[in-house]
Number of protein chains: 2
Amino acid sequence: MSDKAPTSPVSRERSREIKRLSVILAARQARRLSRVDLAEMTGLSAATVTALVRELVAEGYLIERGPGAPTTGRPREMLEFNPRAELVAAVSLEPPRISCEIADSEGAVIAHRVARLGANVVETVCEFVLDLVGDNLPSLRGVAIAVPGVSTNGAVRLAPSVGLVEAWPIGESVQRRLGVPVVVDNDVNLMAAGECVAGAGADVANLLLIHVAEGIGAGLVLDGKVRRGASGAAGEVGFLPLGGTTERRYSGVGDFEARWSVNAIAERVVALNPGRRPESPVRELSRLAATSAPAREYLDEVLGAWAGLILSCACVVDPGLVLLSGAAAELDDAALDQLQTLVSARTPAPTEVRRATLGDQAVLHGAISYALSAAVPRPSLP
Amino acid sequence: MSDKAPTSPVSRERSREIKRLSVILAARQARRLSRVDLAEMTGLSAATVTALVRELVAEGYLIERGPGAPTTGRPREMLEFNPRAELVAAVSLEPPRISCEIADSEGAVIAHRVARLGANVVETVCEFVLDLVGDNLPSLRGVAIAVPGVSTNGAVRLAPSVGLVEAWPIGESVQRRLGVPVVVDNDVNLMAAGECVAGAGADVANLLLIHVAEGIGAGLVLDGKVRRGASGAAGEVGFLPLGGTTERRYSGVGDFEARWSVNAIAERVVALNPGRRPESPVRELSRLAATSAPAREYLDEVLGAWAGLILSCACVVDPGLVLLSGAAAELDDAALDQLQTLVSARTPAPTEVRRATLGDQAVLHGAISYALSAAVPRPSLP
DNA sequence: ACGCTTTCTTCCTAGTGTGAAAAAAATGAG
DNA sequence: CTCATTTTTTTCACACTAGGAAGAAAGCGT
C-alpha cells in the first residue's frame with residue numbers, strides 16, 4: 001500500500017479549494033437545491049455556504065432560479081448547477097476514423113464531428129477540440145481520449161489497426177497544447193465507467209462490462225473506480241484459458257476471443273444460413289435458434305462459453321453485476337435468461353447479468369466522467 | 001460511482017485533524033526524520049510543523065532522538081515515530097483455536113496468546129484483548145479479526161468449520177465493547193494486505209495472493225487497497241471453471257479447489273509414495289519428482305493447473321505480481337521457475353510469480369495495517 | 001573568535017469558518 | 001390590512017490557524 005505525499009495535503013489555499021469542490025460536487029449531484037440543502041450536504045455552516053455560493057454564482061457555476069417550494073417561512077432561493085459551466089471533450093479513436101464530441105457535465109452533446117483519422121493524431125485532436133469548443137474554451141475542463149487497447153505504460157497492445165505507435169505521448173502532447181488535463185484510456189474501460197455513472201450500473205459501485213466485438217475485452221469497476229491493473233491489462237479476458245488446454249503461446253489475440261468473438265460467430269452463422277454476413281450475427285443467431293435445431297445447439301454453445309467467461313471473472317473479482325456490451329447485448333431475453341441461469345448455478349456469490357444500456361453513448365459518458373474527475377483532482381490525501 | 005457526502009468534508013476541526021494525521025502518517029513511513037523533512041513531506045511550513053511536533057511529542061507519538069547527520073549548519077534535531085504509541089490487536093480465528101496478538105505499528109509483537117475457541121466468541125475476543133493490552137489500553141488503535149471466509153454482508157461462506165454462525169455481529173459487538181474500530185475480514189485478504197505492506201509485495205500497489213490450503217483462495221490488492229468485490233467474494237478462485245466442462249452446481253466447495261488443493265495433492269502423494277500423509281505434501285512432491293517419473297508427471301500436472309489459475313486471474317485483473325502462499329509456497333525453485341515460464345508464455349501482460357515471504361506473520365501484518373487504517377479514517381472526501 | 005550555513009523558534013499578520021444576531025421574505029390568524 | 005411567526009439568507013465580530021519574517025540556536029571551517 002504505497003502512499004507517498006509529496007505535495008501539500010492541507011495548505012491554506014488547498015483547503016479553500018477543497019471546500020469549493022465539495023460544494024460544486026454536491027451541486028452537480030443534486031440538480032436543484034437551496035443553500036440550506038447545500039449546507040447540510042457539505043456540513044459547512046450557512047454563513048460559509050452563502051459566501052461560497054456568491055462566488056460560484058459570479059463565476060457562472062451556479063444559477064439562481066428564484067424561489068421554490070412554497071412553505072411556511074421564507075421560501076428557499078433555489079440554485080441550479082450550470083452544466084454549461086464545465087465542458088469536456090470526448091475523443092474516440094476508432095481504427096479508420098476519429099470522432100470528437102463536446103459535452104456538458106450532464107452528458108448533453110453540444111458539438112460533435114467525425115472524420116477520417118489523418119496522419120498526425122495529436123494535431124488532429126487538438127484542432128478538432130479547439131474548433132468545436134470555440135469561445136467556450138475557458139469552460140473546458142478536460143479531455144478524454146478513447147483508444148482501442150492502450151495500456152498505462154504506453155504500449156499499444158490490441159490495436160494494430162490504429163496507425164499510432166505510441167499512445168502515451170498523445171496524452172501529454174495534447175495536454176501541453178490545450179492546457180487542460182487529458183486522460184487516455186482503453187475504450188472498454190471508458191464504456192464501463194460510462195455505464196457505471198449513467199447507465200445500467202448507475203446504482204452500484206462494482207461491475208464488469210464485457211464487450212464483444214472483433215475481440216473480447218472487459219472493463220472493471222471496483223469500489224467506484226475503473227481498475228486497470230498493474231500494467232493496464234486488466235480485463236483482457238479474451239486470453240482466458242477456458243477452451244480446454246490449448247498450449248498456444250501469446251500471440252496478440254487470445255484463445256478465447258478467437259473462438260467466441262463476433263467474427264467466429266459470424267462465420268458459423270453464415271454456415272448455418274448461407275448468404276451475406278449478417279450485420280448483427282448474434283441477433284441473427286438468436287433468430288435462427290427459434291426454428292433451427294443446429295442453430296439452437298450452437299447458441300447453447302456460445303452461451304456456455306460466455307457463461308464460463310463470466311463465471312471466471314465473477315470468481316476472481318466478484319463484480320456483482322456483469323454488463324453485456326457490443327454483440328453480447330444483442331442476445332434476446334430468452335438467451336439472456338439462460339445465460340443468467342448458467343451463471344447463477346455456479347458462482348460463489350450472487351452475480352446479475354444485464355445488458356448495457358448506453359450503447360455508443362457509453363464511451364461518451366465514460367469520457368465525461370473521466371474528464372470531470374481529472375479536472376477536479378482529489379487532494380492526494382494519504 | 002456512487003458518491004455521497006453526508007458528513008462535513010472540511011470543517012475547522014476536521015482540517016486540523018487532517019493536518020495532524022498527515023504528519024503522523026509521514027512520520028510513520030520514514031523511521032527517523034527531522035522537522036525539515038517533515039515540512040517537505042507534508043508541504044506544511046516550518047512554523048506549523050514546529051507547533052505540531054511539540055504537540056505530538058507531548059502526546060508521545062514522537063520522540064526526540066538528539067542531533068543527527070553532522071553537516072554544515074545547525075544539525076537537525078532528529079525525530080522518531082514512537083511505534084509503541086499505537087498498538088493494534090490482531091485476532092485470528094482458526095477453526096479449533098483462537099490466537100490473539102498485540103503489536104505495535106511496526107509489527108513487533110508485544111504480547112500474544114493462543115487458546116481453544118470457547119463458546120462465546122465475542123466474550124473471548126474482548127477478554128483476550130483487554131487482558132493482553134493491560135495498561136496500554138489508551139494506545140490501542142484498532143482490532144482486526146481474521147475469519148476463514150467471511151463476506152461483507154455477514155454470511156459466512158467457506159467456514160463451516162468455525163462454530164460461529166454470524167460473523168458480522170462480532171465486529172460490531174467487539175467495537176461496542178472495546179470502543180475502538182474493529183474490522184473483520186477473510187484471512188486470505190489479510191494475508192494479501194500483509195504481504196503488500198510488509199512482505200513480498202511491499203514495492204507494488206497491485207498483487208494477487210493465492211493461498212493453497214484445504215481450499216484455494218486469493219486475496220486481491222488493486223491500487224493499494226484490498227478489493228473485496230460486491231459481496232466480499234472476490235478471490236474465490238477455487239470455483240474457477242478450469243477443469244474442463246464439469247457442470248456441477250454450486251456446492252460450497254469449488255471444482256478447482258476440489259482437484260488441486262492440498263488434500264487432493266496429499267492423497268496422490270500418498271499413492272505415489274505409500275506411508276503416512278506427509279506434513280507438507282507439496283514439498284514432498286517436489287522431492288519425489290526429482291527421482292520418480294510418475295511424481296514428476298503429476299507435479300507437471302499440478303503446475304499446469306496452478307498456471308491456469310494464475311493465468312485466469314492475470315487476464316481478469318492484471319495484478320502484475322502473484323504471490324504463492326500456504327502449500328503453494330512450498331514449491332522449490334525449479335518448480336517455481338517452471339510455473340513462471342508457463343504463466344509468462346500465455347499472459348497478455350507481464351506477471352511475476354513469487355513466493356509469499358511472511359508465512360504465518362502475513363495475517364498479523366495485514367491485521368496491523370487494517371487496524372491502523374481503520375483507526376485513521378480517511379476524511380470522506382468525494 | 002568570527003563569519004557562515006542551516007535549523008528551529010517566536011511573533012505578528014492575513015485570512016478562514018462559525019455562532020449569534022439581524023434582515024428578508026413569505027404565510028396565516030385576527 | 002396588519003402583525004406575529006417561521007424559515008431562510010445575510011452580516012458581523014470573534015476565535016483560531018497557517019504562514020512569512022525575523023530572530024535565536026547550534027554547529028563547522030578558517
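In what follows, chains are A, B, ... by sequence order, proteins preceding strands, each numbered from 1. Only a predicted model underlies this, so the values are computations on that prediction, with no experimental measurement involved.
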- prompt: In whole angstrom, what separates Leu52(A)'s CG from dT18(C)'s P?
  reply: 10 Å
- request: Can you sort out the partners of Ala39(A) under side-chain contact (heavy atoms from CB on, under 4.5 Å), two or more places apart, ordered by chain and number?
  value: Val49(A)
statement: Checking Glu77(B), Glu64(B), Glu40(B) against Arg35(B) for salt bridge (Lys or Arg N to Asp or Glu O under 4.0 Å), the one that qualifies is Glu64(B)
query: Taking only side-chain nitrogens and oxygens of Arg35(A), does any of them come within less than 4.0 Å of OP1 or OP2 of dT8(D)?
result: no
field: Interatomic distance, Glu55(B) CD vs dC8(C) C1' [rounded to whole Å]
entry: 18 Å
statement: For Arg32(B), the salt bridge (charged side-chain N to carboxylate O under 4.0 Å, His left out) test, sequence neighbours excluded, returns Glu80(B)
query: Is the distance from OP1 or OP2 of dT10(C) to the nearest side-chain N or O of Arg54(B) less than 4.0 Å?
result: yes
task: Go through the structure and list residues passing salt bridge (charged side-chain N to carboxylate O under 4.0 Å, His left out) with Arg84(A), not counting sequence neighbours.
output: Asp104(A)
task: Determine: side-chain N/O of Thr48(A) to OP1/OP2 of dT18(C), distance under 4.0 Å, yes or no.
output: yes
message: Rounding to an integer number of Å, can you tell me how far Glu77(A) CD sits from dA23(C) C1'?
response: 15 Å
- line: When Val182(B), Val184(B), Val143(B) are each screened for side-chain contact (heavy atoms from CB on, under 4.5 Å) with Val91(B), the one that passes is Val143(B)
field: Atom-to-atom span, CD of Glu64(B) to C1' of dT9(C) - whole angstrom
entry: 13 Å
query: To the nearest Å, how far apart are Asp37(A) CG and dT7(D) P?
result: 15 Å
query: Can you list the residues that meet the side-chain contact (heavy atoms from CB on, under 4.5 Å) rule with Val122(A), with sequence neighbours excluded?
result: Asn120(A), Cys126(A), Ile170(A), Ser173(A), Val174(A), Arg177(A)
statement: From CG of Leu79(B) across to P of dC8(C) the rounded distance in Å is 8 Å
field: With Ala90(B) via side-chain contact (heavy atoms from CB on, under 4.5 Å) - residues at least two apart
entry: Leu364(B), Ala367(B)
message: Does dC8(C) have OP1 or OP2 under 4.0 Å away from a side-chain N or O of Thr50(B)?
response: no
field: Whole-Å gap separating P (dT9(C)) and CZ (Arg76(B))
entry: 14 Å
- prompt: Nucleotide by nucleotide, 5' to 3', does protein get under 4.0 Å of the base (B), only the sugar-phosphate (S), or neither (-) in nucleotides 24-30 of chain C, counting heavy atoms?
  reply: BBSS---
query: In whole angstrom, what separates Leu38(B)'s CG from dG19(D)'s P?
result: 13 Å
query: Where each residue is assigned the nucleotide of DNA chain D containing its nearest heavy atom, which of Val36(A) and Ser45(B) is assigned the position nearer the 5′ end?
result: Val36(A)
